[in-house]
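What follows is a single structure, written as structure tokens, with notes after it.
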There are 2 protein chains.
Amino acid sequence: MDASKQTIYTIADLAAEFGITPRAIRYYEEMGLLTPQRSQETQQRLYDRSDRARLKLILRGRRFGFGLKEIKELLNLYRVDTGEKEQMRRAIEYGDKHIAEVDEMIRELQETKEEMLEFRRRFERILAGEEDGAK
Amino acid sequence: MDASKQTIYTIADLAAEFGITPRAIRYYEEMGLLTPQRSQETQQRLYDRSDRARLKLILRGRRFGFGLKEIKELLNLYRVDTGEKEQMRRAIEYGDKHIAEVDEMIRELQETKEEMLEFRRRFERILAGEEDGAK
DNA sequence: CAGTATCTTGACGTGTACGTCACCTAATGG
DNA sequence: CCATTAGGTGACGTACACGTCAAGATACTG
């Protein structure tokens with residue numbers, strides 16, 4: 001087991017890859033969601049694969065309307081000490097709640113999709129000459 | 001066909017029902033997402049079933065991280081003149097794009113859920129005594 | 001008929017998530 | 001050697017989505 005694989009990204013690398021600005025990435029760090037290594041002399045931020053994965057999760061959370069505080073909690077959830085059994089049990093418990101929330105979001109989106117399809121069918125019927133698809 | 005069913009809500013009614021403030025509802029109106037009737041004398045806002053439905057959609061959009069401008073466009077999409085065939089064809093076209101977006105969101109959420117379940121299984125294995133679930 | 005409740009329209013304040021400078025410090029290339 | 005490029009730290013600005021008064025009109029209630 002080697003200590004750390006050396007896939008290193010600069011802040012510009014990640015910014016380009018995910019279509020965001022370096023400023024945003026620094027802001028996530030400022031809010032405590034990222035803590036990249038620093039080059040000893042330059043103080044330059046050096047991101048590894050795990051930082052990149054965290055960033056990816058942050059952006060996914062943002063796309064779904066979560067605030068950075070919520071995302072931070074979620075990230076910390078999967079960062080527990082695998083030695084502390086009690087901590088892990090609580091992580092599983094909280095995780096289950098979040099899984100249930102994701103399920104609910106999926107359900108709501110499927111409902112939304114169905115409603116959009118219903119509208120679509122209505123429009124199609126009207127276009128086909130049925131005058132009005134209203135109830 | 002009667003002109004309008006008289007299920008009337010005050011701003012406080014809707015605010016209470018959806019757990020938001022009257023201010024938020026007025027803001028949505030200010031941004032052009034709602035246009036309730038007004039009582040002739042008092043200028044009081046009177047919401048009907050369709051206003052309520054729009055508000056529901058607004059809040060759903062907000063929960064999924066959409067901005068009010070995007071939501072407004074989406075709402076207008078399903079408000080086209082059912083006489084203008086060309087307009088309807090374009091509505092269906094845009095609607096299909098949005099349906100595809102919703103599909104993508106569902107896919108991403110399912111992926112997220114799977115990842116969370118994977119973590120859960122890993123934790124469970126560790127708790128069961130397999131020392132470490134890491135790769 | 002005074003008091004309370006509910007609505008109205010401003011208008012200014014606030015938290016979040018960055019954008020946008022300015023200014024400084026290395027590393028690199030002709 | 002000097003200019004360009006990439007990154008660093010403040011610090012102030014900004015868009016969005018409201019929150020939070022203030023001040024006034026109207027309506028019901030004991």
Side-chain angles (χ1 to χ4, degrees), chain A residues 6-49 51-52 54-76 101 105, chain B residues 6-48 51-52 54-76 105:
Chain A
Q6 73 242 43
T7 323
I8 297 298
Y9 309 91
T10 70
I11 196 166
D13 288 341
L14 292 183
E17 177 176 357
F18 292 111
I20 58 179
T21 63
R23 168 62 171 132
I25 298 178
R26 290 197 195 98
Y27 182 69
Y28 301 148
E29 180 178 345
E30 199 180 326
M31 293 295 107
L33 283 84
L34 288 172
T35 43
Q37 292 301 112
R38 299 293 194 112
S39 71
Q40 193 51 30
E41 204 66 345
T42 328
Q43 281 299 95
Q44 207 199 338
R45 290 170 176 81
L46 303 173
Y47 301 87
D48 62 18
R49 291 187 337 337
D51 292 319
R52 182 174 169 282
R54 281 178 79 87
L55 179 56
K56 203 170 177 177
L57 288 175
I58 292 169
L59 296 177
R60 178 176 290 179
R62 293 290 299 123
R63 274 200 302 284
F64 284 100
F66 291 99
L68 294 184
K69 272 180 70 177
E70 289 173 273
I71 295 172
K72 184 178 176 182
E73 278 185 50
L74 261 162
L75 287 174
N76 289 338
E101 282 167 25
M105 290 178 77
Chain B
Q6 71 241 44
T7 324
I8 298 299
Y9 309 91
T10 70
I11 197 168
D13 287 343
L14 292 184
E17 178 175 357
F18 292 110
I20 58 179
T21 64
R23 168 62 172 133
I25 298 178
R26 289 196 195 97
Y27 183 70
Y28 301 148
E29 180 178 344
E30 199 180 325
M31 294 295 106
L33 284 83
L34 287 173
T35 44
Q37 291 301 114
R38 298 295 192 110
S39 71
Q40 193 50 31
E41 204 66 345
T42 328
Q43 281 300 94
Q44 205 198 336
R45 290 169 176 84
L46 302 174
Y47 301 88
D48 62 19
D51 292 319
R52 182 174 169 281
R54 280 178 80 86
L55 179 55
K56 203 170 178 178
L57 288 175
I58 293 169
L59 296 177
R60 177 177 290 178
R62 293 290 298 124
R63 275 200 301 284
F64 284 100
F66 291 99
L68 294 184
K69 273 179 70 176
E70 289 173 273
I71 295 172
K72 183 178 176 180
E73 278 185 50
L74 263 162
L75 287 174
N76 290 338
M105 290 177 79

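Order of the sequence lines fixes the chain letters, A, B, ..., with proteins taken first and strands second; residue numbering starts at 1 for each chain.
Here the closest heavy-atom approach between residue A:Ile71 and residue A:Ile58 is recorded as CD1-O, 3.5 Å. Nearest approach of B:Pro36 to B:Leu46, heavy atoms of both residues: CB-O, 3.6 Å. Between B:Arg38 and B:Gln43, the shortest heavy-atom contact is NH1-O, 2.7 Å.
If you check every strand for non-hydrogen atoms under 4.0 Å, A:Leu68 touches sugar and phosphate atoms only. Residue-level contact check: A:Ile11 touches the backbone only, with heavy atoms under 4.0 Å from sugar-phosphate atoms and none from bases.
For the pair B:Arg54 and B:Glu29, the salt-bridge criterion is not met [side-chain N within less than 4.0 Å of a carboxylate O].
Interface residues of residues 26-47 of chain B facing DNA chain C, ordered by number: B:Arg26, B:Arg38, B:Gln43, B:Gln44, B:Arg45; criterion, heavy-atom separation under 4.0 Å.
Remark: side-chain polar atoms of A:Thr7 are not paired, donor with acceptor, to backbone N or O of A:Arg49 under 3.5 angstrom. No donor-acceptor pair under 3.5 Å is formed between the side chain of B:Arg52 and the backbone N or O of B:Tyr47. A donor-acceptor contact shorter than 3.5 Å links the side chain of A:Asp51 to the backbone of A:Asp48.
Rounding to the nearest 0.5 Å places CZ of A:Arg23 at 10.0 Å from CD1 of A:Ile11. Note that the CE atom of A:Met105 and the CZ atom of B:Phe64 stand 4.5 Å from one another [nearest 0.5 Å]. Between atom CD of residue B:Glu73 and atom CD of residue B:Glu70 there is a gap of 7.5 Å, rounded to the nearest 0.5 Å.
The nucleotide range of DNA chain C contacted by chain A, defined by atoms under 4.0 angstrom from heavy atoms of the protein and reported 5' to 3', is C:dA17 to C:dT20. Nucleotides of DNA chain D that come within less than 4.0 Å of any heavy atom of chain A span, from the 5' end to the 3' end, D:dG7 to D:dT9.
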